[in-house]
Amino acid sequence: MKLTLKIWRQKNASSKGQMVEYPLNGIEEDMSFLEMLDVLNEELNNKGEEPIEFDHDCREGICGACSLMINGRAHGPGSRITACQLHMRSFNDGDSITIEPWRAKAFPVIKDLIVDRSAFDRIQQAGGYISVNTSGNPVDANAIPIEKENADMAFNAATCIGCGACVAACKNASAMLFTSAKISQFALLPQGQVEANERVQNMVRQMDLEGFGNCTNTGACEVECPKGISLENIARMNREYYSASVKG
Amino acid sequence: MGILDSKVPTGPLADKWTNHKNHIDLVNPANKRNIDIIVVGTGLAGGSAAATLAELGYNVKTFCYQDSPRRAHSIAAQGGVNAAKNYQGDGDSVYRLFYDTVKGGDYRSREANVYRLAQVSTNIIDQCVAQGVPFAREYGGLLDNRSFGGVLVSRTFYAKGQTGQQLLLGAYAAMNRQIQRGKIKSHTRHEMLDLVLVDGKARGIIARDLVTGEIERHSAHAVVLATGGYGNLFFLSTYCMGANVMAAWRAHRRGAFMANPCFTQIHPTCIPVSGDHQSKLTLMSESLRNDGRIWVPKRLEDAQAIREGKLKPTQLGEGERDYYLERRYPAFGNLVPRDVASRAAKERCDAGFGVNKTGEAVYLDFDAAIMRYGREKALTSGMKDADDTTVRQLGEEVVEAKYGNLFDMYEKIVDQNPYKTPMMIYPAVHYTMGGLWVDYNLQTTIPGCYAAGEANFSDHGANRLGASALMQGLADGYFVLPYTIGDYLSDDIRTGAIPTDSPEFDAAEADTRSRLEKLMSGKGTHSVDYYHKKLGKIMWNKCGMSRNAKELQEAIDEIAELRADFWENVRVPGTADTKNQELEKAGRVADFLELGELFAKDALTRNESCGGHFREEYQTPEGEALRDDENFKFVSAWEYKGAPKDAVLHKEQLVYENIELKTRSYK
């Protein structure tokens, strides 16, 4: 397979970036997208040029480290997929592929295709937890029965891998799908009730402080989410937020 | 006992931990505020330890190379976490979990540690449920369980195929709570490059900010290494790309002994290698073996036809398939432990029965399960005379609910539908049971330096059973280390803050800088990956699923040669004062090139077969592992003396007071 890659290169956060074109040959269909980039990097390396930096780690679709806007789509073509699960069989010989970092004010570029997603951590730190002691809990796990339906919904919300595709896909760079997934998980479980009001208020406040935009119900986040996190979570977060605001 | 004092408490096994806790010196809450602890690695062990230590009142500094603690590779564990809850009423107990683990590890783990692990396992589930971890539940609202390899009870708690993710997010949430409170200072995109000793005690680390390239000094009263395993020295493995041995190896260079480095688990159910470009292997959870049946064709000519694409697996009838695990191990069948299943797959493939192009794959087939579940579903839905198509469809729905995400993952990688045709699987490097030697308190041979989770050696012996890595990580982090470290720190209440401008910090930083400069200064011709791949090939071919003395000796020589070549000819582009992934990799591969040699040396010394360590010279007539308890019932703990060839072997004799050592049989 022969490809033309147009890749965003940027030295560091303060320098100006630019698109650079790289021709690439000998790509096989069963390579993953990131393995294709490995091949390119090996070539650059052999020519004495600096390889392209991108985030990746588990390479099996669960750690959420890989990002990449590929031909304008978060994690590239295909649904429910991370960049590391995208395979070159999704492309054709002779294709030209544009590769860019996540684009959002709250995700500043660190280098090349790597962005800083620590805003997500700070949203979590604002209340994405249950305040339970970690030194041995005396309550037997089965003493808290949870309706299977709720447990399953909480699980579906909890499958968010925090990759940031929702933000990158959104024209407003909104983090509401991410934040709402976390809030939903706890809102659906009895363990999360006690702090529910503070949680939703604090997390939403932090989300706004980080500079993420608002939701205008475009739904691009849900379409591009590799884990299929549902928009229902945003609705649930909004309900939780209004109810908490009323209670004060 | 020599210098390896395991500090296992005296008294009856079941009371050791309670007695020990009762006699541990405590640090009063006001003094805890004056004590700093560094935790390196924020996976299940490090994350849970950091959160718990901070909650106790210590000042905690965490370090991870990822951009967020939530991305540690514990997140990729699919199957589940064991706990002796006996919710299923199928005869489980603390003793049985302890027994299964010691037996599963081929009697090479430390009895007292494993018993404690089994004891605290039940707390883990209570803890995680309280944190809001969404485990699988029955319709009645109670927790669901499933079974794993090497055991005959259902004691595994799970959250679909994403248990590791959910447990890690629980620990990460607990960390976040402490970060918010200011009790944890989290350093992400940081890598530990050296351990700093002051008066023989671990008092800090040298770290590199991976974004700015800045070399930093961080001091503390104790250092906890929870940095995972070193399986990436094989290049291809199920580890994440960044997993490395750096922190543990640098501690080893400073005096921490490395125990059982050759005990490495090869997991039987991974997606096979597809080509030279491949960067990593993907695991298909062991939980699939609850329902999947493993087979290869009975006849060589059928295997050949399948490899050539002339025959499909679905065209072979029951009588033409060899369900070799069910044939060889009728009692455990497809649920034999990982080392047994891996070797059996290799044996069939070596004999010519492999089913993919390279001949290195066997089938994992869900057809029988789909039909069985489908029939049950049809009956419970009142469809007594459902035809095969309907039954199959119903069955596929049930299987999808159980394993859907794993099936999706397989389809994305292999481009085949596993509901319609059996999966192809082959063993791959998955977990290292070896690691830093620790005593009962999880302290290494360096005072004040602790190791938790996969980074230590103590609990799994020569083979790890499924769903027990998560258990150990969380047990160490939530329930063991926070107690035992207090015993050490109680002597430090008057020490005060540790300064970072001491000669010891100066020296360690100078060392680190010169090592980085040496890596950067090479005007070599080969990339870091070139060396990593070469090392991986040596490891897999000569130190892999089976080993022999001749090849191990060759591996030792070849790795030493490769290491010399690396330092001569590696090329690291860019500069050290900025984000530089090639430099990060270079530092890690440099360590792998030392550890790899020690690994081979350890395997060569151990003249027996046990668990994941299979020496071809030591096997039974049926091809099973042949242990030598008389001569090798010990932990090998290596002391650093410069080059790996000079490492000195120390032995901790293993004592079994409560379990009779038997030949492991799963027949």
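This structure is a prediction, so every number in the text was calculated from the model and none was measured.
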Assert top hit (heavy-atom pairs under 4.5 Å, partner chain B, pool A:Asn142, A:Ile81, A:Ile130) equals A:Asn142
Interface residue of largest heavy-atom contact number with chain B, from A:Met36, A:Glu149, A:Glu60, under 4.5 Å: A:Glu60
Heavy-atom cut-off 4.5 Å, strictly under: side chain, backbone, both or neither for A:Leu189 against chain B? side chain
Determine whether the side chains of A:Asn233 and A:Ser184 contain a donor N or O and an acceptor N or O closer than 3.5 Å. yes
Quick one: do A:Asp112 and A:Phe54 satisfy side chain to side chain contact (heavy atoms under 4.5 Å, CB included)? Show the steps, please. CA-CA 7 Å; A:Asp112 294 338; A:Phe54 56 97; over 6 Å; no
Given 3.5 Å as the limit, does a donor-acceptor pair link the side chain of B:Thr122 with the main chain of B:Ala84, or not? no
Where the side chain of B:Arg137 meets the backbone of B:Gly141, is there a donor-acceptor pair that is under 3.5 Å apart? yes
Heavy-atom pairs under 4.5 Å with chain B - which of A:Met31, A:His56, A:Glu42 has more of them than the others? A:Met31
Does any heavy atom of chain A fall under 4.5 Å from the side chain of B:Asp415, the backbone, both, or neither of them? both
Contacting region of A:Asn12 [heavy-atom separation from chain B under 4.5 Å]: neither
Which bit of A:Asn46 is near chain B, if near means a heavy-atom gap under 4.5 Å: side chain, backbone, both or neither? both
By a 4.5 Å heavy-atom criterion (distance strictly below it), what part of A:Thr159 contacts chain B: side chain, backbone, both, or neither? both
Decide whether B:Ser527 and A:Asn45 meet the rule of one side-chain donor and one side-chain acceptor closer than 3.5 Å. no
Take the angle between the ring planes of B:Tyr87 and B:Phe157 and call it parallel below 30°, perpendicular above 60°, tilted in between. perpendicular
For A:Asn197, does its backbone N or O pair with a side-chain atom of A:Glu240 as donor and acceptor, under 3.5 Å? no
Side chains of A:Arg9 and A:Tyr22, donor plus acceptor under 3.5 Å: yes
Taking the inter-plane angle between the rings of B:His526 and B:Tyr530 on a 0 to 90° scale, is it parallel (under 30°), tilted (30 to 60°) or perpendicular (over 60°)? parallel
Pick one of side chain, backbone, both or neither for A:Ser118, based on which atoms fall under 4.5 Å of a heavy atom in chain B. neither
Top contributor to chain B interface from A:Arg80, A:Lys11, A:Glu147, A:Arg117 [non-hydrogen pairs under 4.5 Å]: A:Arg117
Bottom line for A:Ile110: the part with an atom under 4.5 Å from chain B's heavy atoms is side chain
Highest number of heavy-atom pairs under 4.5 Å with chain A: which of B:Cys128, B:Gly242, B:Ala130, B:Gly574? B:Ala130
Residue from B:Gln66, B:Arg71, B:Lys280 scoring the most non-hydrogen pairs under 4.5 Å with chain A is B:Arg71
Under 4.5 Å from any heavy atom of chain B, what part of A:Asn156 do you find: side chain, backbone, both or neither? side chain
Among the options B:Arg571, B:Met175, B:Glu582, pick out the one with the most heavy-atom pairs lying under 4.5 Å from chain A. B:Arg571
Quick one: what part of B:Arg181 sits under 4.5 Å from any heavy atom of chain A, side chain, backbone, both or neither? neither
Chain B heavy atoms under 4.5 Å from A:Glu28: which part of the residue, side chain, backbone, both or neither? side chain
Go through the side-chain N and O atoms of B:Tyr65 and B:Asn244 and say whether any donor and acceptor fall under 3.5 Å apart. no
Which portion of B:Ile125 sits near chain A, non-hydrogen atoms under 4.5 angstrom: both
Best-contacting candidate, B:His73, B:Gln165, B:Gln178, against chain A by heavy atom pairs under 4.5 angstrom: B:Gln165
Segment of A:Asn41 engaging chain B (4.5 angstrom heavy-atom cut-off): neither
Most chain A-contacting option - heavy-atom pairs closer than 4.5 Å, from B:Thr238, B:Leu168, B:Thr282, B:Thr188: B:Thr282
Only pairs of heavy atoms separated by less than 4.5 Å count here; which of A:Cys160, A:Gly78, A:Ala143 has the most with chain B? A:Cys160
With under 30° as parallel and over 60° as perpendicular, where do the rings of A:Phe212 and A:Phe120 fit, or are they tilted in between? tilted
Does any donor atom in the side chain of B:Asn145 or B:Tyr158 lie under 3.5 Å from an acceptor atom in the other side chain? no
Do side-chain atoms of A:Glu35 reach the backbone of B:Ser279 as a donor and acceptor pair under 3.5 angstrom? yes
In terms of heavy-atom proximity below 4.5 Å to chain A, should B:Phe479 be classed as side chain, backbone, both, or neither? side chain
Quick one: what part of B:Leu142 sits under 4.5 Å from any heavy atom of chain A, side chain, backbone, both or neither? both
For A:Glu29, is it the side chain, the backbone, both, or neither that has a heavy atom closer than 4.5 Å to a heavy atom of chain B? neither
Whatever's closer than 4.5 Å to a heavy atom in chain B on A:Val139 counts as backbone
Is B:Gln581 in contact with chain A via its backbone, its side chain, both, or neither, using a 4.5 Å heavy-atom distance? both
Is chain A contacted by the side chain of B:Gln166, its backbone, both, or neither, given a heavy-atom distance below 4.5 Å? side chain
For A:Phe155, is it the side chain, the backbone, both or neither that has a heavy atom under 4.5 Å from a heavy atom of chain B? both
Heavy-atom distance under 4.5 Å to chain B: side chain of A:Ile114, backbone, both or neither? side chain
Side-chain (A:Glu224) to main-chain (A:Ala168) donor-acceptor, under 3.5 angstrom: no
Contact part of B:Val120 toward chain A, heavy-atom cut-off under 4.5 Å: side chain, backbone, both or neither? neither
For A:Arg73, is the CZ atom crowded, meaning more than 12 foreign heavy atoms sit under 6.0 Å from it? yes
Atom CG of residue position A:Asn25 - does it have more than 12 heavy atoms of other residues, nucleotides or ligands inside 6.0 Å? yes
Looking only at heavy atoms and a cut-off of under 4.5 Å, which of B:Glu138, B:Met409, B:Lys160 has the most pairs with chain A? B:Lys160
Any side-chain to backbone donor/acceptor pair from B:Asp126 onto A:Asp140? Under 3.5 Å, distance only. no
Are the side chain of B:Gln180 and the backbone N or O of A:Arg122 linked by a donor-acceptor pair below 3.5 Å? no
Between B:Glu55 and B:Thr52, is any side-chain donor less than 3.5 angstrom from a side-chain acceptor? no
Chain B contact via A:Gln124 - which portion, at a heavy-atom distance below 4.5 Å: both
If you count heavy-atom pairs under 4.5 Å between each of A:Lys111, A:Arg89, A:Lys182 and chain B, which one has the most? A:Arg89
